[in-house]
Amino acid sequence: MSETKSRMMRVFSFGSLTRNGSFSSLQGMSNLATSAPLGTTDLKPKEKFVLENAREGGPSVTQMISFILVLLASTPVIFGIAQRAVGVNIESSDLSLHCKESHSICEWGDESCIMGKELFERHMTLSRITEDPGRINRPYLSVASAHAARQVQAWMEDAGMTSSISIVGNVVGRYEADSSTSNPRTIVLGSHFDSVNDAGKFDGVYGVLAAISVVKVLKQRGQRLPFAVEVAAFDDEEGNSSFGTTNTGAKAFMGEYSTKEAAEQLLEQYAGLEEAFRRQQVNHGLDSKRSGIVQGLMKSAGTSLQDVAAFIELHIEQGPVLEAEGRPIGIVDAINGQTRMQVRYFGESGHAGTVPMTMRKDALGASAEAVSEIERVGSSNDGLVATVGTLNIVHASSNVVPGEVMFTVDVRAPTDEVRIDAVDRIVKYLESVRDRRDLELQITRTHEAPAVPMNPEIRSALATAISEEGLEASPDSVRILSSGAGHDAMIVGNKIPSAMLFLRCAGGISHNPAERLSPHDATVGARVVLKYLENLKV
């Protein structure tokens, strides 16, 4: 058999495996449309696409033709076009590899099959629920988000949990404690299921689906723990919406909108949000008047905070460290604090040929000095990073000395002390350049977020679980990392003892269709959380 034919057979086998594996496990969810809030005759074209894509569980005929082009492609250009058209974000040669690896995990036993093959296949299923053909895009409170929420809810119930979807889009499942336990505490596992535009398959979603797989193993064993386990699937972590909101799901879960005043303020602050919440209420058969929306927001909080003993978020690293060191998993010690600034230098525009160098008020020259110093400051402390992400020359022309330049500065560090010191040094340098060059300077702080340290007791227990799973020689040898990106845990961690586990991802790539997590490493994360729960006494 030719290599091309062999590859085609492997890919079509994967497509069958993905379709059968994902929907046969849903117990009555043979197609997602049965739980859709609207009939297909009532749907707009984009809504029909989302629903039919989820219902069919696979690509259309047009997409399959494009898929074949992927297999036959002999140049990266053709490969990229076909890959985009079919919406499959891993190379064709990797399809059989991931399929083969996920099947081999099942040989370890039924539990590893749940936390390996099935877990991986569910990522593939969820990746097909999207607003846009050919790319993963689940904006906050979108049609795709609503159908993804129902899919996640179905998997929670398949794992033996009771579940609900709140007005803010969160899906929360609960697996009750052993009935002999009086006043049981709650352990919350979770992450987010919304996505950036043109996303990968694993950011956020992994933390939700891995948590569900852990609970499903407990159900398969018939095992109840001396505490309840909740899985929280948050919406709006990415801020991918037209409303301008971010972390609405985690904030609601933590009770930020539990008063009438806070709920009303949220509706007033973000244009279009009230109408989106109204659609949520209609879809769930609830009161869609403003008073009903406010009540829905007030009821969107999770378990009483005093009952929660811990929150744990599993997440891909979104960086290259674990892969570079050959480690599948690490523990986060803190989610970095962040300062963002917009900086403007005002000089004086002039003719590039007639203004002597010694008499210029060059705003770009000042900015160039500043950018170099900001990079130096960012390199001065382990864990500290400083970035100039945008730079704009106002009224730029090739023969004009720049009179105004605007640039942004992003400073992050695992401790507020280090971050604040770095920001102070940068500001002092910006001012010194201003004075030396006789310019005007405007600095506007656009964002300020403190660092959120992760709970040391939970981190220690997770390190023990990693060691007991044979992934590190001892708890002390577990890799500790800080998170430069924001996460749901930074919202939850302000009120509840929290921790994060990072899983390595290929090349450290994330927020990108090339984002990858191997089935083996996906299983590792689930195993560690399961071991943590087995060891836990609260």
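No experiment lies behind these values; they were computed from the predicted model shown.
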Working for side chain to side chain contact (heavy atoms under 4.5 Å, CB included), residues Arg278 and Gln281: CA-CA 5 Å; Arg278 182 169 289 109; Gln281 295 289 83; 5.7 Å; no
Separation between [atom1] of [X] and [atom2] of [Y], rounded to the nearest 0.5 Å:
X	Y	atom1	atom2	value
Leu273	Thr248	CG	OG1	6.5 Å
Arg135	Asp198	CZ	CG	4.5 Å
Ser191	Leu314	OG	CG	8.5 Å
Gln151	Arg128	CD	CZ	9.0 Å
Leu533	Leu189	CG	CG	6.0 Å
Glu118	Thr125	CD	OG1	9.5 Å

Got a donor-acceptor contact below 3.5 angstrom from the [X] side chain to the [Y] backbone?
X	Y	value
Gln220	Lys216	no
Tyr206	Ala522	yes
Ser498	Met454	no
Arg138	Leu126	yes
Thr130	Asn137	yes
Arg412	Gly337	no
Glu317	Leu322	yes
Arg504	Asp521	no
Thr259	Ala262	yes

Worked verdict on Lys219 versus Met161 for side chain to side chain contact (heavy atoms under 4.5 Å, CB included): CA-CA 9 Å; Lys219 176 202 172 188; Met161 290 181 267; over 6 Å; no
Distance-only donor-acceptor check, side chains His315 and Asp203, under 3.5 Å: yes
Do [X] and [Y] make a side-chain contact, defined as non-hydrogen atoms from C-beta onward lying under 4.5 Å apart?
X	Y	answer
Met254	Leu305	yes
Asn247	Asp488	yes
Leu266	Phe277	yes
Ser483	Phe502	yes
His192	Val208	no
Val188	Val172	no
Val168	Leu297	yes
Met298	Gln295	yes

Mutual orientation of the aromatic rings belonging to Phe202 and His123 [parallel < 30°, tilted 30-60°, perpendicular > 60°]: tilted
Pairs flagged by salt bridge (Lys or Arg N to Asp or Glu O under 4.0 Å) wherever residues 220-247 is involved - sequence neighbours left out: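 As it turns out, the salt bridge (Lys or Arg N to Asp or Glu O under 4.0 Å) pairs with a partner in residues 220-247, which skip direct neighbours, are Glu111-Arg221, Arg174-Glu230, Arg221-Glu534.
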What's the shortest heavy-atom distance between [X] and [Y], and which atoms?
X	Y	answer
Ala506	Glu323	CA-OE2, 3.4 Å
Ala148	Ile129	N-CG2, 3.8 Å
Ala159	Val215	O-CG1, 3.7 Å
Ala276	Leu141	CB-CD1, 3.6 Å
Gly244	Tyr270	O-CE2, 3.6 Å
Ala489	Glu313	N-OE1, 3.0 Å

Salt bridge present between Arg290 and Glu268 (N-O < 4.0 angstrom): yes
Qualifying ring pair (Phe, Tyr, Trp, His ring centres under 6.0 Å) pairs with a residue from residues 211-251, counting only residues at least two apart or across chains: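 Every ring pair (Phe, Tyr, Trp, His ring centres under 6.0 Å) pair that includes a residue of residues 211-251, provided the two are not neighbours, is Phe234-Phe253.
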Please set out all donor-acceptor pairs under 3.5 angstrom arising from side-chain atoms of residues 446-453, sequence neighbours excluded.
| from | atom 1 | to | atom 2 | distance (Å) |
| --- | --- | --- | --- | --- |
| Thr446 | OG1 | Arg340 | O | 3.3 |
| Glu448 | OE2 | Thr339 | OG1 | 2.8 |
| Glu448 | OE2 | Arg419 | NH1 | 2.7 |

Worked check of side chain to side chain contact (heavy atoms under 4.5 Å, CB included) between Leu501 and Ile331: CA-CA 5 Å; Leu501 289 168; Ile331 296 176; 3.7 Å; yes
Test log, rule side chain to side chain contact (heavy atoms under 4.5 Å, CB included), inputs Asn455 and Ile496: CA-CA 9 Å; Asn455 182 271; Ile496 292 175; over 6 Å; no
